[in-house]
Amino acid sequence: MAPLSHIQDEARFKLSPKDPSGAIVVLDIDARSLAEVGVWPWPRRYYADVVDRLVAAGAEEIAFDVDFSTSSDPYEDATFARALERAEGRVSLAVFHQEAKAGTSGDTVILENRPIEAFAAHTWPAVVNVPIEGDGRVWRSLRGDFFDDEPIMSLASLLAGIGGDLTRPFYIDYGIDPHKLPHLSAVDVLTGDADLSVVAGRKVLIGASAQELRDIFSVPVYEVLPGPVIQALAAESLLLNRALQKAGGLPILGFVVILALPVLFAGRFDWKLRATALIAISFGLEIGGFVLLQERPVLLETMGAQVALFLLCGLMMVKQIGLHKLLLQISQIQTRNSRMMLGRVFEDSFDGIVVVDASATVRAASRSAVRILGERARVGQMANACLPELIYHDVVNAVTGEGEVEIDARPREVHVVGPKGDDRIVEFVVTLSQQLHTDVRATASEESQRFATVTCRDVTEQRHATERLAYLAQHDHVTGLINEVGFGECLQAACEVPVSSEKTYCAALIAIDGLDRIVASLGFSIRNHLRRALADRLDKVAGSDALIASVSDNRCGFLVAVSDEHEAEAQLQTIYEALCGDYTLMGSRIPVTVSIGYTFLVEGKLDGSIALREAGNALSLAMRSGGNRLLRFQEDMHTALQRRRTLEAELVGALKNNEIHVVYQPLIDLKSSRMIGVEALMRWEHRILGVVSPVEFIPIAEESGRIVELGAWILTQAMRDAMTWPASLRLAVNVSAVQFAAPGFVETVRDALEKTGFPGERLDLELTESLFVDERMDIGGTIDALRALGCGLALDDFGTGYSSLGYIPRFPFSKIKIDKSFVDDVCTDEPNAAIVSSVVHLADSFGMTVVAEGIEYPEQEQKLRELGCDIGQGYLFGRPMITELIVEQLKNVA
Ligand code: C2E
Ligand code: CA
Ligand code: CA
């Protein structure tokens, strides 16, 4: 009965269309959003951005139909976690059951997927599973489900704010038109192009409709819908009081049978009258069901009763007409139908079909054949007048040949002029049929007739799509340049042409320095604008002999054949100078520097992938060492990168193996020349590699996220050591931006203070500017919480990088540490001394202390004292030393 009921319910939905309430807005990660961002899964800071924007626009609730059950990059996760925290309980995240094969046994087990802890802490869980019925479609929605015996509401219930019995699913009212749900595209929200006033006071459901993400389900009425839209319809069903339940099956069957039996046995009336009465009951039943559905959220089960009525009606007719006559009538109807059906199939066939007889006359032509081959391809026409030359040739060959004719059954292509005069590509096959005509009068005359059948199809769009796909596979859609695949192939091709004695190839990779930082401060959409602008400049200066490519998000490729290496280097220098400079985009002036890594394809290492790797190594090194460089690949770079990889791997076990320890460098009060504090610095003594400088391993630890663990360790260790010292020194500890931004940093500091008993008022955390560059990062909360613990904050390395005096008033620093590069020539360089002096004044007016780093000579100390610096640090006063030596120094002073 189920298939019939489904047809019936679907018809009911179609007949009672409704508008959604509008309280739910669908924020759609559609195909365009995927294409613009270019990676999937999305980096989580984009979700953070979306949440912030929605909250700012006044969204009441935000529900994600997106899987957050696994961790991604720690920075990305931290950024998203903070946005969730800021949203203050407005966000719910998907939880779901998932079938999986158990490890060894291969049994199916049900896994419970929940968001990772950092996200779960600030959000509500919402079940997003949708039940799929026997017909493969989604008819119903859950109200909730149990996870670890904990009841959790479904996304629909949560959005509608209606719970009810969580174990009872309901039927979704597919009469509600999903196309009228308020709708935003995620990419427009990210770029700020969307009008966010629609979300004010509404609930926003975020999910993916892009076909590529496969979150698409079969449903009644609309054939297929994306998962999030189904969730929205389910929530709307609840909101509009249209959460449907089935009812009435058996009682209605009983009632109808009782009503129909007297009709059946009322023999004194004509059978046609009685049949009409039964049909009337059937109609009445359907109308009743339909009216009920308009008034109440009930799907009346009438199909059992309808089938019973149909059987009763049939029974009555068989009795009246007699079985034998009925069967005859049915078979006549069937014959007529099948003949009509063949005719229709021919006429409506998707492929064009033309049948040509032995006299080369068209005997039949389907409608699509006329559309494909033109108006003249009609019955009665001569084949040579209406078929393209190539097809005609095959046809004649088939019908006039003697005996068996070899026919090529593979489809071939021919170009024809379309109805609008355009060039169309038609694929065709010619097949041969022979029909035997037996003449009934002349006993032995058997005549065989040959027919050629042309089956054809317009494949123009398909061919164009294939060409476009081939183009896309080889090109970058943002810049229109060839992509990594295309560039790789060109490099390989260059390698395969034997390098002549006069020519050599130069391959280079070019990247914008600090692109992520630029994107972080100017917004998401700047990335593509900048890439396009860079590609344009590159195109202008590269010269027509060179090949340029867009190899990745932030890598342009360059390949040129030159007669000597100097020529190539001169050309790269020109490119480098042309690409660096100001770019004016979206109303902002953006100063840009680039890094270029290059290599030459020489005899003996002619391999495209090696060339690419070498240029990539040189580029990585150029970028890591501050960027703004043109660097040629050297063999030892490969070794340097290998060392980096080794360190990255070895760092994992370094703490456990007791290879990491702390040293302390004195901080001296320049007025009294007394040691008033120390800076804790990390040391790594590797059992094989020896001492590894923090300048080398800290950036590696930052990139891998391991800095969080190392940073927590040094905080506790340094405070523990400081508690054993015979004087109350201040303790400065370095904190990197990654560590500061990771969730739980404040707790780490609080734990260390509590565990060691070190007073928070004597602790200084040294931060670098990189933390303040990303304006959107919300560090205010963390800073306040740290101040509440009593800690001081120092701005480290002031004067390097972006340094602007503007940071000083904006954040509550207690100390500014002037970088060694200023101290180095403070005695010889007047402008430098002037800068130090103005920093001192500005800091003074905000009640901040100034520390000068890297003092090596007495003259520097003297000059800095004159300029008004409060504290000094450097080899002149003491190198970093182990805790025992600090104790000894303090005892000596005492
Ligand atoms: P920093 O915070 O600027 O630390 C000062 C660096 O300058 C230390 O190098 C110190 O030994 C060195 N220095 C001090 N006085 C002089 C001097 O008179 N002349 C010269 N030439 N150098 C001097 P170190 O210990 O190699 O540390 C380098 C950097 O590594 C630090 O720079 C800091 O950014 C980072 N680092 C070290 N330990 C940690 C840590 O525990 N956590 C984090 N996040 N970073 C750390
Ligand atoms: Ca420092
Ligand atoms: Ca420093």
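Keep in mind the model is a prediction, meaning the values are calculated, not measured. First listed ligand is number 1; within each ligand, the first listed atom is number 1.
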Can the ring centres of Phe68 and Phe80 be said to be less than 6.0 Å apart? yes
Which ligand 1 atoms, with their elements, are less than 4.0 angstrom from a heavy-atom of Leu681? 4 (O), 8 (C), 10 (C), 11 (O), 25 (O), 37 (C), 38 (N)
Using a distance threshold of 4.0 Å (strictly less than), state whether atom 6 (C) of ligand 1 has a protein heavy-atom neighbour. no
At under 4.0 Å between heavy atoms, which part of Asn734 makes contact with ligand 1: side chain, backbone, both or neither? both
Tell me the contacting part of Lys817 for ligand 1: side chain, backbone, both, or neither, using a 4.0 Å heavy-atom threshold, strictly below. neither
Below 3.5 angstrom, do we get any N/O pair linking Gln665 and ligand 1? yes
Once you restrict to heavy atoms under 4.0 Å, what part of Gln717 touches ligand 1? Side chain, backbone, both or neither. neither
Are any non-hydrogen side-chain atoms of Cys869 and Val840 less than 4.5 angstrom apart? yes
Between Asp796 atom OD2 and Glu766 atom OE1, the angle centred on the Ca ion (ligand 2) rounds (to 10°) to 90°
Evaluate Gln739 for polar contact with ligand 1, using N/O atom pairs at a separation under 3.5 Å. no
Is there a polar contact between ligand 1 and Ala680, counting only N or O atoms under 3.5 Å apart? no
Is it the side chain, the backbone, both or neither of Asp796 that has a heavy atom closer than 4.0 Å to ligand 1? side chain
Suppose I only count heavy atoms of Ile714 and a 4.0 Å limit; which atoms of ligand 1 are within that range? 41 (O)
Interfacing atoms of ligand 1 (cut-off 4.0 Å, heavy-atom, Pro694): 24 (P), 25 (O), 26 (O), 27 (O), 28 (C), 30 (O), 37 (C)
Note: ligand 1 atoms sitting under 4.0 Å from heavy atoms of Asp797 are 3 (O)
What residue and heavy atom of the protein are closest to atom 11 (O) of ligand 1, and at what distance? Pro880 CG, 3.5 Å
Below 3.5 Å, N or O to N or O, backbone or side chain included: is there any such pair between Ser693 and ligand 1? no
Protein heavy atoms: any of them under 4.0 Å from atom 9 (O) of ligand 1? no
